[in-house]
Amino acid sequence: MAGESKEYIIEGSISKGIIKFMLPIMLGMFFQQLYNTVDAVVVGRFVGKEALAAVGGGTMFFVNLLIGFCGGLANGASIIISQFFGAKNDRCVSSSVHTFVILSILLGFAVTLVGVFGSGFALNLIKTPKEIFDNAIIYLRIYFLGIIPMFLYNTGASILRATGDSKTPFWVLVAACFVNINLDCFFVAVLNLGVAGVAYATIISEAVSMVIIFIPLVRTSEVYRLEFSKLKPDYSLLAKMVRLGVPSGVYSMMYTFSNLIMMSFVNAFPTTTIAAWTAWGKLDALFWMTVSSMGMALSTFSGQNYGAKKYDRIKKSAWRGLLIMWAITLVIVIIFRLFGRFFYGLFIPGEKEVIEMGFKILLFLTPALFLYVPSEIFSGIIGGVGKTYVSMIVTVFGICGTRMIWLFSCCRGTDDFFKVITCYPISWLISGLIFFAYFMSKRWAR
């Protein structure tokens with residue numbers, strides 16, 4: 001018999017269950033973002049604003065495009081594991097775990113090859129300015145060499161979360177964060193390796209997190225135990241993972257693709273504006289990691305309850321999650337507006353123009369963050385029950401389609417930066433309304 005599902009997921013208070021499961025995910029993502037932020041702080045302070053622009057902006061959009069697609073494929077495996085675990089199907093849980101690991105290794109090799117050899121093409125495609133191109137390509141090629149350890153860490157973390165353990169991945173990320181911070185300071189501030197040092201620090205910390213996350217999976221006596229002798233794919237489960245994962249991958253890829261196109265418009269503005277946008281992205285990540293952790297929590301929550309056939313509990317969790325996330329968003333917006341200039345000063349000390357431009361971006365976009373929350377909540381719930389194709393369709397039309405129409409019809413040749421980034425709140429509103437309409441139709445429960 002499978003290990004008992006964590007009772008706060010399939011029984012008891014829904015609000016407490018969501019918060020209890022979400023908090024370790026959110027804190028873990030905070031530490032993951034912390035070492036990304038430290039990368040930016042170290043580069044901004046010791047190398048300069050051109051280097052900061054090189055490791056952020058369009059550079060990271062290219063990374064997110066590839067990793068997001070493969071992460072979506074892996075999401076199909078996570079959904080399957082959570083459903084089997086909720087249904088207490090031992091054999092399928094074990095087979096899914098080992099098939100998932102094989103899938104992640106294969107995806108890791110593929111992304112490494114595409115990332116290393118395709119970085120130059122991607123940077124040219126988004127019109128990366130000449131003054132940051134060389135640093136950006138150095139960063140990307142080193143970064144992609146560490147993709148397999150990153151994928152395997154995420155695989156281990158996804159398995160644990162799908163079975164109700166969100167605490168262990170958190171502690172692993174804490175350890176990786178401290179490794180990364182110390183290596184950042186050593187490689188950049190001491191050895192003067194510039195953006196290459198930041199990339200080396202990242203891939204080493206990913207390797208550390210991969211090793212640590214597999215220790216509990218190998219040592220556990222639970223049904224999801226990883227045994228290397230069983231590392232062979234179950235092709236029927238692999239096909240199901242791909243069937244559920246491809247829509248999630250396209251969803252993530254199309255979302256990032258629209259940001260890449262938008263970045264080609266941003267790159268037409270001065271370096272000061274690009275650096276301010278990059279710094280906003282680092283600060284804005286506090287919101288995104290929070291709302292994403294809620295989406296991940298609700299996906300597991302709905303998946304296990306779907307396996308346990310507790311459908312009414314799934315419906316209630318959507319509304320509780322929405323209220324909780326709006327309350328958290330309010331707190332984040334207040335903090336941003338009160339301390340925004342201070343945070344920007346951490347990235348680019350003494351660059352007053354960058355700080356002021358970044359603060360204007362902050363004031364413009366923070367009210368719109370509330371518009372995105374319904375998309376993440378309903379997408380997590382709907383994906384958890386296996387309707388991943390819905391998120392893909394909504395993203396293609398509600399996010400990507402809306403942004404493309406706005407950018408190419410209203411922003412060609414414009415010198416108004418805020419007109420360009422207006423595509424974000426418009427697309428968030430439209431996608432949120434579509435997700436809400438689908439959820440209320442109850443078709444996801446059929």
Side-chain angles (χ1 to χ4, degrees), residues 1-31 75 78-89 93 157-171 173 222-224 286-334 369-370 372-387 432 435-436 438-440 442 444-445:
M1 186 174 184
E4 292 297 320
S5 295
K6 301 299 184 286
E7 62 179 50
Y8 61 83
I9 293 180
I10 61 174
E11 297 177 5
S13 169
I14 293 176
S15 296
K16 289 181 180 179
I18 292 172
I19 294 172
K20 187 174 182 178
F21 189 71
M22 172 199 172
L23 279 177
I25 299 176
M26 183 179 70
L27 292 173
M29 294 183 76
F30 170 78
F31 275 94
N75 185 53
S78 181
I79 291 170
I80 290 171
I81 293 171
S82 67
Q83 291 182 0
F84 283 145
F85 194 79
K88 304 187 187 303
N89 188 329
V93 170
S158 295
I159 292 170
L160 291 172
R161 291 184 187 122
T163 55
D165 180 5
S166 58
K167 292 181 181 179
T168 301
F170 160 65
W171 290 113
L173 280 176
E222 296 283 356
V223 67
Y224 52 85
L286 177 64
F287 167 75
W288 291 108
M289 70 179 185
T290 305
V291 73
S292 296
S293 64
M294 176 62 81
M296 292 169 63
L298 289 175
S299 180
T300 297
F301 200 92
S302 64
Q304 285 202 22
N305 280 283
Y306 185 79
K309 299 184 179 180
K310 297 188 175 184
Y311 308 119
D312 188 59
R313 191 172 174 83
I314 297 174
K315 289 185 284 186
K316 290 179 180 178
S317 67
W319 304 115
R320 305 289 172 81
L322 192 63
L323 292 175
I324 292 169
M325 194 59 233
W326 268 334
I328 294 173
T329 301
L330 178 61
V331 173
I332 291 173
V333 169
I334 291 172
L369 298 180
F370 293 94
Y372 180 74
V373 172
S375 294
E376 192 71 32
I377 298 300
F378 295 125
S379 177
I381 292 289
I382 293 166
V385 301
K387 301 294 194 301
F435 270 121
F436 174 75
Y438 180 81
F439 183 80
M440 293 302 294
K442 299 181 181 180
W444 58 272

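Just so you know, residue 1 is the first one in the sequence shown, and it goes up from there. Every value quoted in this text rests on a predicted model; they were computed, and no experiment measured them.
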Item checked: Heavy-atom side-chain proximity of I159 to I81 below 4.5 angstrom -> yes
Note to self: Quick one, W319 with F439, criterion side-chain contact (heavy atoms from CB on, under 4.5 Å). Give me CA distance, side-chain angles, the key distance, then yes/no.
What the structure shows: CA-CA 11 Å; W319 304 115; F439 183 80; 3.7 Å; yes
Check: Under 3.5 Å, side chain of T163 to main-chain N/O of L160, donor-acceptor pair present?
Finding: yes
Notebook entry, point to check: Looking only at heavy atoms, what is the nearest atom pair of R161 and P169, with distance?
Noted result: NH2-CB, 3.7 Å
Checklist line | F436 atom CZ, over 12 foreign heavy atoms within 6.0 Å | finding: no
Note to self: Among residues at least two apart in sequence or on other chains, which ones pass side-chain hydrogen bond (donor to acceptor under 3.5 Å, both in side chains) with W326?
What the structure shows: none
Item checked: Nearest-0.5 Å distance, NZ of residue K309 to CD1 of residue I314 -> 12.5 Å
Item checked: Heavy-atom pair with the smallest gap, counting every atom of S293 and I25 -> CB-CG2, 3.5 Å
Margin query: Checking L369 against V373 for the side-chain contact (heavy atoms from CB on, under 4.5 Å) test, could you report, in this order, the C-alpha distance in whole Å, the side-chain angles of both residues, the deciding distance, and whether it holds?
Written below: CA-CA 7 Å; L369 298 180; V373 172; over 6 Å; no
Check: About how many Å separate CG of D312 and CD1 of I14, when rounded to the nearest 0.5 Å?
Finding: 7.5 Å
Notebook entry, point to check: Does W288 CH2 have over 12 foreign heavy atoms under 6.0 Å away?
Noted result: yes
Notebook entry, point to check: What are the two closest heavy atoms between F170 and P24, and how far apart are they?
Noted result: CB-O, 3.5 Å
Next item on the list: Work out which heavy atom in A162 is nearest to a heavy atom in S78; give both atom names and the distance.
Entry: CB-O, 3.7 Å
Check: Sub-3.5 Å donor-acceptor pair from the side chain of S166 to the main-chain atoms of F21, do we have one?
Finding: yes
Got a list of side-chain donor-acceptor pairs under 3.5 Å for residues 375-386, not counting sequence neighbours?
from, atom 1, to, atom 2, distance (Å)
S375, OG, S431, OG, 3.0
S375, OG, G432, N, 3.2
E376, OE1, Y372, OH, 2.7
S379, OG, S391, OG, 2.9

Next item on the list: Would you name the heavy atoms of S82 and G303 that are closest together and state the gap between them?
Entry: OG-CA, 3.7 Å
Notebook entry, point to check: Which residues satisfy the side-chain contact (heavy atoms from CB on, under 4.5 Å) test with T290, sequence neighbours excluded?
Noted result: M22, M26, M325, I328, I332
Check: So, does S299 use its side chain to make a donor-acceptor pair with the main chain of G295 at under 3.5 Å?
Finding: no
Notebook entry, point to check: Looking at R320 and S15, what are the two nearest heavy atoms and their distance?
Noted result: CD-OG, 3.4 Å
